[in-house]
Q: 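One structure coming up, written as structure tokens, with questions to follow.
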Amino acid sequence: MSALLEVSGVSVTFDGFRAINNLSISIGEPELRAVIGPNGAGKTTFMDIVTGKTRPDEGRVLWGEASQNLLGMSESAIARAGIGRKFQKPTVFEDQTVRENLAMALRNKRGPLNVLFYKTNRQARARIAELADEIGLSDALPRRAGDLSHGQKQWLEIGMLLAQDPRLLLVDEPAAGMTPAEREHTTELLTRAAKTRAVVVIEHDMEFIRRLNCKVTVLHEGSVLAEGSLDHVTQNQEVIDVYLGR
Ligand code: ADP
């Protein structure tokens with residue numbers, strides 16, 4: 001596993017308050033990683049930095065085998081470089097069918113290779129079928145997205161992001177508001193997606209994180225407090241004091 005994303009010594013100050021403090025995180029490819037920590041720990045700001053939404057005061061964010069510097073790149077250039085982000089609330093086109101939503105996501109995928117690859121409808125249809133299978137929505141392809149359950153909408157949006165072939169997918173609290181069965185499906189979906197790319201998940205639900213069965217990074221006050229297996233970090237006394245023991 002080689003490093004795909006290398007965040008090192010990054011700090012962000014908002015109005016004199018140090019929200020991110022000398023943060024260093026390395027993500028491999030492929031890898032599934034969970035990022036946890038109390039409210040205000042800096043989890044969202046970490047994702048904002050990686051996607052170019054927030055610019056740090058200091059530090060480096062390097063990407064890919066060429067160690068491309070993401071700092072200073074626009075949000076759209078970073079997305080084109082292969083970083084996708086899923087926010088907590090599902091944003092699908094409710095009046096369109098599942099198939100149309102996936103087709104739109106495919107059309108939006110940029111780059112010359114895509115123009116060649118998805119030139120014919122047949123190829124696009126095959127890719128849509130593949131994506132629907134990957135997110136477990138094959139039977140729902142003709143359904144209106146607005147009629148899907150909350151969990152199904154989340155999976156559809158993940159499918160729309162996968163249509164862009166990201167090398168790194170950032171996912172914010174995917175299990176929030178889901179039924180146990182939906183959470184189980186989401187675990188499988190993310191685990192499968194992380195076989196061929198990097199997937200970083202922010203989550204609070206410890207049972208869900210246990211099922212992800214991946215390396216965990218615990219943030220606190222804008223820095224890494226602990227990192228390792230869930231069992232390893234949950235035995236760390238500082239983690240218990242600031243996060244688990246509350
Ligand atoms: P988390 O996602 O772990 O809950 P955040 O990254 O949202 O934490 O926030 C980290 C800290 O930075 C918090 O104290 C928050 O209030 C502060 N913060 C985040 N964004 C801004 C902003 N745009 N302006 C001022 N403070 C912010």
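In what follows, every heavy atom counts, from backbone to side chain, and hydrogens, waters and symmetry copies are set aside. Counting starts at 1 for both ligands and their atoms, in listed order.
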Q: Can you tell me if Gly222 contacts ligand 1 (heavy atom of the residue under 4.0 Å from the ligand)?
A: no
Q: Please determine, by modelled atom types, if Gln154 and Thr186 share a side-chain donor-acceptor pair under 3.5 angstrom.
A: no
Q: Within a distance under 4.0 Å of any heavy atom of Pro38, pick out the atoms of ligand 1 and give their elements.
A: 3 (O)
Q: At less than 4.0 angstrom from any non-hydrogen atom of Asn39, what atoms of ligand 1 do you find?
A: 4 (O)
Q: Looking at Phe17, which atoms of ligand 1 are within less than 4.0 Å of one of its heavy atoms?
A: 11 (C), 12 (O), 14 (O)
Q: May I ask whether Gly42 places a heavy atom under 4.0 Å from ligand 1?
A: yes
Q: Do NZ/NE/NH1/NH2 and the carboxylate oxygens of Lys195 and Glu134 come within less than 4.0 Å?
A: no
Q: Verify the distance criterion only: is there a donor paired with an acceptor across the side chains of Gln237 and Asp241 at less than 3.5 Å?
A: yes
Q: Atom 23 (N) of ligand 1: which protein heavy atom is closest, and how many Å away?
A: Phe14 CE2, 3.8 Å
Q: Give a yes or no on whether atom 16 (O) of ligand 1 lies under 4.0 Å from any heavy atom of the protein.
A: no
Q: I would like to know whether Phe14 and Thr54 meet side-chain contact (heavy atoms from CB on, under 4.5 Å); could you show each step before the answer?
A: CA-CA 10 Å; Phe14 294 118; Thr54 294; 4.3 Å; yes
Q: State whether Glu31 and Lys215 are salt-bridged, where the test is any N-O pair (Lys NZ or Arg NE/NH1/NH2 against Asp/Glu carboxylate O) under 4.0 Å.
A: no
Q: Flag the pair Glu94 and Lys153 as a salt bridge only when some basic side-chain nitrogen lies within less than 4.0 angstrom of an acidic carboxylate oxygen.
A: yes
Q: When you compare the side chains of Thr217 and Arg33, does any donor N or O come within less than 3.5 Å of an acceptor on the partner?
A: yes
Q: Can an N or O of Gly40 be found at a distance shorter than 3.5 Å from an N or O of ligand 1?
A: yes
Q: Return a yes/no value for Thr44: is any of its N or O atoms, backbone included, closer than 3.5 angstrom to an N or O of ligand 1?
A: yes
Q: Hey, are Glu75 and Lys53 close enough for a salt bridge, meaning a charged N less than 4.0 Å from a carboxylate O?
A: no
Q: Any non-hydrogen protein atom below 4.0 Å of atom 21 (C) of ligand 1?
A: yes
Q: Before accepting this row, confirm whether a basic side-chain N of the pair Arg211/Glu207 lies closer than 4.0 Å to the acidic partner's carboxylate O.
A: yes
Q: Using a strict cut-off of 4.0 Å, indicate which atoms of ligand 1 neighbour a heavy atom of Ala19.
A: 11 (C), 12 (O)
Q: Below a 4.0 angstrom heavy-atom separation, can you tell me which part of Phe46, side chain or backbone, both or neither, approaches ligand 1?
A: neither
Q: What atoms in ligand 1 come closer than 4.0 Å to a heavy atom of Ala41?
A: 1 (P), 3 (O), 8 (O)
Q: Counting only heavy atoms, tell me which of Asp172, Thr54, Ile20, Thr45 gets closest to atom 6 (O) of ligand 1.
A: Thr45
